[in-house]
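Everything quoted here is computed from the prediction, not taken from an experiment.
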Amino acid sequence: MRTSILRRLERLTLLIFLLALGGSALLTEELRSWGEQARQLVQFLPIPGLISPLEGRRVGLVAGHSGNDSGAVCPDGLREVDVNRAVVLRTAERLRRARAEVDVLDEFDERLVNYRADALVSIHSDSCIDATGFKVARAITSAIPEIEDRLVACLYQAYGQVTGLPRHDGSITVNMTRYHAFRVIAPETPAAIIELGFLGGDRDILTRDQDRLAKGVAQGIICFLTESQP
């Protein structure tokens with residue numbers, strides 16, 4: 001992958017050189033496209049001597065219902081578990097690029113017992129009804145409420161900004177605030193659960209733009225771990 005990235009950057013350098021020789025007539029749409037690709041590629045290249053703010057931080061991501069059941073299932077066969085796992089894997093990849101250590105966990109993963117990490121987020125999707133919005137919650141009996149409130153706030157802000165979805169706080173359930181994993185992980189592990197959106201009203205973004213969903217979740221976690229203010 002590193003070799004591929006370097007080759008792309010070499011091609012960009014050549015295009016810039018040709019531009020310098022030939023003037024603005026060579027400033028084509030292709031060059032602008034390569035410039036954007038280079039910007040995206042460079043941000044993931046390791047820089048010698050630079051320590052990522054997530055270096056050495058551990059994050060747990062629970063793929064809701066994975067390894068246990070299908071979760072919500074819509075009339076056409078769309079399954080919640082498939083959406084959840086796809087977003088978890090994309091979120092994990094983003095966090096690993098930022099040098100975090102990431103554990104991808106099943107719903108009732110045995111590793112959750114006394115699990116210790118800098119953050120744990122369980123990722124789910126809501127029912128197939130014609131509604132729109134997302135919601136985030138932490139344990140109602142949290143041992144570290146102020147810390148977990150900050151995790152919840154970071155997820156609300158980042159996910160909302162990236163996805164454009166509205167908050168749907170009115171549908172937060174006891175199953176969220178008393179989520180089973182909250183009761184078995186180490187009490188000092190900050191944890192939250194997020195419902196990404198409704199499989200009914202938010203189907204388009206949940207099935208066709210999962211990278212954007214993952215970006216929102218990852219940025220929320222990064223916000224929390226870097227102590228950014230939500």
Side-chain angles (χ1 to χ4, degrees), residues 36 39-40 43-44 52-54 57-66 71-72 78-105 107 117-128 131-138 147-173 176 179 181 190-230:
E36 175 59 21
R39 185 191 66 76
Q40 295 177 3
Q43 66 178 321
F44 296 124
S52 164
L54 298 191
R57 311 302 290 274
R58 178 173 292 278
V59 178
L61 299 174
V62 177
H65 300 279
S66 179
L78 177 63
R79 306 192 315 165
E80 176 191 351
V81 66
D82 296 329
V83 174
N84 300 342
R85 187 159 185 82
V87 174
V88 162
L89 293 176
R90 286 167 170 79
T91 303
E93 177 61 23
R94 285 182 172 274
L95 294 173
R96 286 169 180 150
R97 286 176 176 176
R99 306 289 183 85
E101 298 177 23
V102 183
D103 297 314
V104 173
L105 305 162
E107 184 65 75
D118 296 289
L120 172 76
V121 177
S122 185
I123 296 178
H124 291 251
S125 303
D126 225 315
S127 65
C128 302
T132 184
F134 75 101
K135 55 204 176 194
V136 186
R138 49 103 168 151
I147 295 175
E148 291 190 330
D149 281 345
R150 188 162 57 82
L151 173 58
V152 168
C154 276
L155 286 168
Y156 263 127
Q157 175 183 278
Y159 189 80
Q161 286 182 344
V162 171
T163 65
L165 291 173
R167 292 173 59 150
H168 205 280
D169 298 0
S171 59
I172 291 176
T173 65
M176 294 182 70
Y179 181 57
I193 181 172
I194 181 170
E195 297 272 1
L196 301 169
F198 287 87
L199 293 171
D202 299 316
R203 170 181 293 247
D204 192 60
I205 190 171
L206 291 179
T207 58
R208 299 185 181 182
D209 207 353
Q210 293 165 346
D211 283 334
R212 184 147 60 109
L213 305 183
K215 179 180 179 181
V217 175
Q219 287 190 359
I221 293 171
I222 291 170
C223 160
F224 172 70
L225 294 180
T226 58
E227 299 186 349
S228 300
Q229 292 301 313

Could you tell me whether the side chain of V217 reaches within less than 4.5 Å of the side chain of L196, counting heavy atoms only?
yes

Does a side-chain heavy-atom distance below 4.5 Å link L155 with L151?
yes

Minimum heavy-atom separation for [X] and [Y], please, with both atom names.
{"X": "V102", "Y": "A92", "answer": "CG1-CB, 3.7 Å"}
{"X": "G64", "Y": "N84", "answer": "O-ND2, 3.0 Å"}
{"X": "S127", "Y": "A72", "answer": "CA-CB, 4.3 Å"}
{"X": "Y179", "Y": "V62", "answer": "OH-CG1, 3.6 Å"}
{"X": "D149", "Y": "R138", "answer": "OD1-NE, 2.9 Å"}
{"X": "Y156", "Y": "I172", "answer": "OH-CD1, 3.8 Å"}

Please report the interatomic distance [atom1]([X]) to [atom2]([Y]), rounded to the nearest 0.5 Å.
{"X": "H168", "Y": "D202", "atom1": "NE2", "atom2": "CG", "result": "9.0 Å"}
{"X": "D82", "Y": "Q210", "atom1": "CG", "atom2": "CD", "result": "9.0 Å"}
{"X": "R167", "Y": "T132", "atom1": "CZ", "atom2": "OG1", "result": "14.5 Å"}
{"X": "T91", "Y": "L213", "atom1": "OG1", "atom2": "CG", "result": "8.0 Å"}
{"X": "K215", "Y": "R90", "atom1": "NZ", "atom2": "CZ", "result": "15.0 Å"}
{"X": "L54", "Y": "R97", "atom1": "CG", "atom2": "CZ", "result": "14.0 Å"}

Taking salt bridge (charged side-chain N to carboxylate O under 4.0 Å, His left out) as the definition, give me every residue that meets it alongside D126, ordered by chain and number, with sequence neighbours left out.
K135

How would you list, by chain and number, every residue that makes a salt bridge (charged side-chain N to carboxylate O under 4.0 Å, His left out) with R203, sequence neighbours excluded?
D76

Stepwise side chain to side chain contact (heavy atoms under 4.5 Å, CB included) check, L206 with F198
CA-CA 8 Å; L206 291 179; F198 287 87; 5.7 Å; no

Can any side-chain N or O of R57 pair as donor or acceptor with the backbone N or O of L225 at less than 3.5 Å?
yes

